[in-house]
Amino acid sequence: MDAAEAPAWIVLGRTDRVVHAILLDGSAAELGRERVDPARLTSWIADAEARWAPRWVWHDTPQWYGALLADGIRVARCHDLRLCHAILRDSALVDDAAAVRRAVEWDAAPYVDAEDAAPALFELDHAQRPAGPPADADAALDEFLRQRAAVADSPEAGRLRLLIAAESAGALVASEMRAAGLPWDAEAHDRILVETLGERPAGGGQPARLADAAERVRAALGDPAASLDSQPKLLRALHRAGVLVESTSRWELAEQRHPVIEPLLEYKKLSRLLSANGWAWLSEWVADGRFRPVFVPGGVVTGRWASSGGGALQLPRQLREAVRADPGWRLVVADVAQLEPRVLAAMSSDTALAGAARGRDLYAGIVESGAVATRQEAKIAILGAMYGATTGESGRLVPRLRRAYPRAMGLVDDAARVGEDGGAVSTWLGRTSPSPSREWSAAQSRATEAEASGAEETHARRWARDRGRFTRNFVVQGTAAEWALAWLADLRGRLAALPPVSPEHAAPRSGPVFARQAHLAFFLHDEVIVHTPEEHADAAAQAVADAAASAGRLLFGSFPVDFRLDVHIAETALKD
DNA sequence: GGGCTAAGCGCG
DNA sequence: AAAGCGCGCTTAGCCC
């Protein structure tokens, strides 16, 4: 490792028995190559990171970084070729003729670690598993150069550079959060289950409070054998008892007045807790004081993250008390107030909406502006505007917003129109919506033909409106996801700069990299949880706030919009 | 016994 | 009160 010039980029790739590293300068010209013995890879990367702090270019972050983190090494920056390929391939800001669009071997699904995989996947022969992106160094270098060219040739190269850097930083964060885990108090979780459901019966069977609710339902139905877990059977039992609902969903049941309703809603609630996050979940997903979900960056078309296994993004608020910092550590729990409408104000340069949001609850600001009468109306109207509501109270309130905030509303209305016409829309940094399906396009053109039936026209129209609501929401949800990535990336750097605590204050269950270091432990669209040594809790909370301000500037420059945070320092993630 | 869908509900 | 966006997961019920 003795390059004359410090490499700005190092492309990693592997074949069966050897890892190759290709060292590049800032303009991606090759400085040299090295063969690395896989057994020495961690120390080689650690040395290169300490010496040059390059941006690591690799085919798929979890496949490289998971092992490094397990060995106690973190890197500052990377370029995830798989994720960036997906962005650039579809981006409307990239030239149609760009070579990156034709490199189909890089169209690969997220990697699933064998350890996390469902048994069915685990048992597949190697040849049957879904193909990943190419892993060897020359293929990685070729794709990297294609991606650089696509960005450099774009009229919006600056935005795309931000987006692919943020996406790649997110990939690092996702691997790191999995390595560190979310501190989880299994005893507190068990206590919540016992208080809510009753003691767990030793021999299987239902816990007492759940069984009691079931009995009260059956008594109210006058049907001692009624089945409560099968929707068709439950529906028939309700009909026999005179409760004439069309479904067994909660909102419809709640409209009815009948003695069975209260215990039935109670039963459904308890039953849901037991099946989704009961003792079985606890023993499957929590080990050694940590819940380690698999985060999937870019897993949603809009750029939001998805998760795989454990339902990480659906943890019920009921269980927040089980999220508990290690002794001597604290949680910093922070969420952004009304992220999406603030993002909409900024991307549409709507100074009136930004003004309504500045320094206060955005909904209160809208009420003060006189557009609507109450906070609840403001909330319903804003959600309706971003989701495309046309009926009900929400549909009635949206026109008032259109008068008060024409620029913001114009942006989402335009996005909807483009989507209805079969076009593509893009986020602020250039992530572009998927094209309509062949069936969708065929239905639209069929509906315009002279001999099209009324039913065909109606169906096509409804389908076009569906797509309009999708593209309307895409630009806002996707840009909010970009803001959140920028927030995460910036925060990650600030936390890494905090000093490690002494070994006697370590939290070893967070793994070798994070045992002595404040770190991100959870992320959910507009919320983060940081696990931090108590002595750095205030600094970590400040880092969360500073990172939010920094993310706003990075995306929107000096446009006067603020991103208000709710920040709590506590031992548990419970919010009052 | 596995693969698939629909219903329902948790999260933003 | 219950339309209007994006997800993952469990269960039941159906098919092979």
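If you're wondering where the values come from, they're calculated on a predicted model, not measured in any experiment. Protein chains get the first letters and strands the later ones, always in sequence-line order, with residue 1 at the start of each. Just the heavy atoms: all of them, side chains too, but no hydrogens, waters or symmetry mates, feed the values below.
- No contact: A:G395 has no heavy atom under 4.0 Å from any strand.
- Remark: A:E215 engages A:R218 in a salt bridge, criterion side-chain N to carboxylate O under 4.0 Å.
- A salt bridge is absent between A:E195 and A:R209; no separation between the charged side-chain nitrogens and carboxylate oxygens falls under 4.0 Å.
- The residue A:G299 sits apart from the nucleic acid: no heavy atom pair falls under 4.0 Å.
- A:R467 forms a cation-pi arrangement with A:W440, by the criterion of a distance under 6.0 Å to the ring centre and an angle within 45° of the ring axis.
- Between A:E246 atom CD and B:dG8 atom P there is a gap of 11 Å when expressed in whole angstrom units.
- In this structure, A:V301 reaches the sugar-phosphate backbone alone: every heavy-atom distance under 4.0 Å involves primed, P, OP1 or OP2 atoms, never a base.
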Provide a list of protein-nucleic acid N or O atom pairs under 3.5 angstrom, restricted to nucleotides 10-12 of chain B.
from   : atom 1 : to     : atom 2 : distance (Å)
B:dG10 : OP2    : A:R250 : NH1    : 2.8
B:dG10 : OP2    : A:R250 : NH2    : 3.3
B:dG10 : O4'    : A:R272 : NE     : 3.4
B:dG10 : O4'    : A:R272 : NH2    : 2.9
B:dG10 : N2     : A:Q314 : NE2    : 3.4
B:dC11 : OP1    : A:R317 : N      : 3.1
B:dG12 : OP1    : A:R317 : NH1    : 2.8
B:dG12 : O3'    : A:D526 : OD1    : 2.8
B:dG12 : O3'    : A:D526 : OD2    : 2.7
B:dG12 : N2     : A:R304 : NH1    : 3.2
B:dG12 : N3     : A:R304 : NH1    : 3.2

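- Cation-pi check for A:R159 over A:W428 is met; the charged atom lies under 6.0 angstrom from the ring centroid and within 45 degrees of its normal.
- If you take CH2 of A:W251 and P of B:dG8, they are 10 Å apart, rounded to a whole angstrom.
- Counting only distance, with no hydrogens or angles, the side chain of A:R290 and the backbone of A:A180 share a donor-acceptor pair below 3.5 Å.
- Look at A:R461 and A:E420 and you find a salt bridge, because one of the NZ, NE, NH1 or NH2 atoms lies within 4.0 Å of a carboxylate O, short of that distance.
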Decide yes or no on side chain to side chain donor-acceptor pair (under 3.5 Å) for A:T61 and A:D80, but give the supporting numbers first. CA-CA 6 Å; A:T61 299; A:D80 184 301; 2.6 Å; yes

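- Pairing for C:dA2 is absent, with no Watson-Crick or G-U wobble pair whose two atom distances lie under 3.5 Å.
- Here A:S394 lies in heavy-atom contact (under 4.0 Å) with a base.
- Counting 5' to 3', DNA chain C first comes under 4.0 angstrom of a heavy atom of chain A and last does so at the ends given by C:dA1 to C:dG13.
- Heavy-atom distances to DNA chain C give each of A:L383 and A:S307 a nearest nucleotide, and the one nearer the 5′ end belongs to A:L383.
- A salt bridge links A:R402 and A:D413; the closest N-O separation between the charged side-chain nitrogens and carboxylate oxygens is under 4.0 Å.
- Between the side chain of A:R431 and the backbone N or O of A:D90 there is no donor-acceptor pair closer than 3.5 Å.
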